[in-house]
Colleague: 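This is the structure I have questions about; it appears just below.
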Amino acid sequence: MPSSTHAIRGPLPSDLHRLAPAGRRTLSAPAARRPDGLGALVALSLPALFILLWSTGYVAGKLALPHAGPFTLLALRFGLAAVVLLTVSVATGAPWPRTARAWVHLGVVGLLMQVLHFSGVYCAIAWGLPTGVAALLIGMMPLATAMGAHLWLAERMSAGQWLGMLGGAAGVALVIADRPLGGGAWMACGAGLLGLAGLVAGTLYQKRFCAGMDLRTGSGIQMAVSALAVTALALWREPGGPDWSAELIGSTLWLGLVNSIGAFSLMFVMIRRGQAGTVARLFYLIPGVSALMGMALLGEHLGALALAGFVMSAAAVGLASMSRAGR
């Protein structure tokens with residue numbers, strides 16, 4: 001479960017022809033389109049690797065939570081990611097925000113997209129929500145973001161997106177209906193939905209106010225602010241401290257380095273390669289992969305009704321993503 005995205009500075013692949021010198025635009029069409037075997041292999045492998053890395057965040061989180069409270073685990077995760085990202089920013093001479101307002105906007109995005117989002121997810125998992133169901137709730141992000149953009153940014157929603165919204169909600173309802181919902185289960189689902197609200201609000205806020213920030217410094221600042229916030233929450237709500245087991249250490253390293261930095265870097269690479277539409281459509285596959293990982297590695301069980309809900313939700317999000325891509 002990587003961190004937030006930022007606008008990518010520099011030309012995307014589709015814009016490169018505009019920057020090439022006139023004398024270098026004479027490649028014949030066959031030469032320009034000649035397939036590169038290695039490039040094709042990379043293009044095929046990156047999406048699969050991205051799905052696997054992103055999905056492992058739910059499993060790693062559940063493995064770590066018996067040894068640390070949700071806020072303590074997030075403090076370790078965000079702190080590690082912040083140290084790495086800020087070090088990379090300094091080492092590479094990355095540009096920093098120029099105004100106090102820009103710093104504040106990044107801090108707000110971090111509080112929404114990192115703190116509220118992951119606090120909701122980790123509390124939901126700690127309270128018994130299966131990893132696949134948590135991933136399913138967060139997997140509704142493309143639909144919920146489209147609805148939020150419609151309401152807040154006055155962006156138009158297509159008919160396919162409206163149908164996707166209804167289908168996704170119906171799929172989630174099937175998954176929830178498959179489980180006995182006592183008070184604790186409702187709390188876990190509510191925490192997951194709160195995490196979804198944080199991710200959607202952070203995405204929209206970032207789109208509105210932080211679109212031009214550098215990837216390295218912007219992410220580093222967000223992680224640093226988030227680490228401070230969850231550390232304060234951990235000291236307040238979880239004074240006992242973590243159980244420094246090998247499982248916690250390994251999960252923290254995986255979450256901080258592989259998920260918060262590695263998976264997000266893969267997403268960045270795919271967008272730079274002109275696969276932005278592919279990235280959007282990958283999100284509807286993540287809940288199913290996370291559910292399978294939970295079944296295989298954590299012994300979680302999903303009934304027939306829940307599996308039908310996963311399929312319906314995946315189809316709904318896929319429909320909405322393809323509808324938006326085709327506009």
Side-chain angles (χ1 to χ4, degrees), residues 1-2 50-74 77 116-144 167-200 245 247-248 250-252 254-255 258-260 263 282-318:
M1 297 182 286
F50 171 75
I51 292 172
L52 289 175
L53 293 184
W54 191 291
S55 300
T56 58
Y58 296 95
V59 176
K62 186 153 189 175
L63 289 173
L65 283 170
H67 308 283
F71 301 127
T72 300
L73 178 59
L74 287 175
R77 171 179 178 162
L116 184 57
H117 166 211
F118 284 110
S119 293
V121 171
Y122 283 13
C123 285
I125 293 176
W127 294 341
L129 196 68
T131 56
V133 180
L136 177 63
L137 293 177
I138 301 304
M140 293 297 102
M141 188 269 285
L143 299 179
V172 171
L174 284 177
V175 174
I176 293 176
D178 188 62
R179 300 182 56 80
L181 291 178
W186 280 114
M187 284 182 58
C189 289
L193 290 174
L194 186 64
L196 172 62
L199 179 59
V200 171
S245 64
E247 202 168 50
L248 174 62
S251 296
T252 299
W254 186 270
L255 290 169
V258 177
N259 282 113
S260 290
L282 289 177
F283 278 92
Y284 73 87
L285 298 174
I286 290 172
V289 175
S290 299
L292 292 175
M293 287 184 175
M295 295 171 68
L297 301 176
L298 303 174
E300 296 178 341
H301 174 72
L302 294 174
L305 195 61
L307 292 175
F310 273 95
V311 173
M312 179 179 291
S313 297
V317 179

Colleague: As an exercise, state the distance from SG of C189 to CG of L194, rounded to the nearest 0.5 Å.
Modeller: 13.0 Å
Colleague: Tell me which pairs pass salt bridge (Lys or Arg N to Asp or Glu O under 4.0 Å) where either residue lies in residues 185-196, with sequence neighbours left out.
Modeller: none
Colleague: Partners of S251 by side chain to side chain donor-acceptor pair (under 3.5 Å), sequence neighbours excluded?
Modeller: none
Colleague: State the CZ-OG distance between F50 and S55, to the nearest 0.5 angstrom.
Modeller: 8.5 Å
Colleague: Supply the atom-to-atom distance T56 OG1 to L255 CG, rounded to the nearest 0.5 angstrom.
Modeller: 8.0 Å
Colleague: Which pairs with one or both residues in residues 284-298 pass salt bridge (Lys or Arg N to Asp or Glu O under 4.0 Å), sequence neighbours excluded?
Modeller: none
Colleague: For a quick test of reading the model, state the closest non-hydrogen atom pair linking W254 to L53 and the distance between them.
Modeller: CZ2-CD2, 4.1 Å
Colleague: Provide the closest heavy-atom pair for A68 versus L248 in the form atom of the first, atom of the second, distance.
Modeller: CB-CD1, 4.0 Å
Colleague: Rounded to the nearest 0.5 Å, how far does NE2 of H117 lie from CG of L196?
Modeller: 8.0 Å
Colleague: Where do V121 and Y58 come nearest, in terms of heavy atoms and distance?
Modeller: CG1-CE2, 4.1 Å
Colleague: Could you give the side-chain donor-acceptor pairs of residues 125-141 under 3.5 Å, partners two or more places apart or in another chain?
Modeller:
unit_1, atom_1, unit_2, atom_2, d
T131, OG1, E300, OE1, 2.9

Colleague: For T72, enumerate each residue passing the side chain to side chain donor-acceptor pair (under 3.5 Å) test, keeping only those at least two apart in sequence or located in another chain.
Modeller: E238
Colleague: List in chain and number order the residues that pass side chain to side chain contact (heavy atoms under 4.5 Å, CB included) with V59, two or more places apart in sequence or in another chain; answer none if no residue qualifies.
Modeller: L63, M293, L297, L298
Colleague: Is any side-chain heavy atom of L73 less than 4.5 Å from a side-chain heavy atom of F118?
Modeller: no
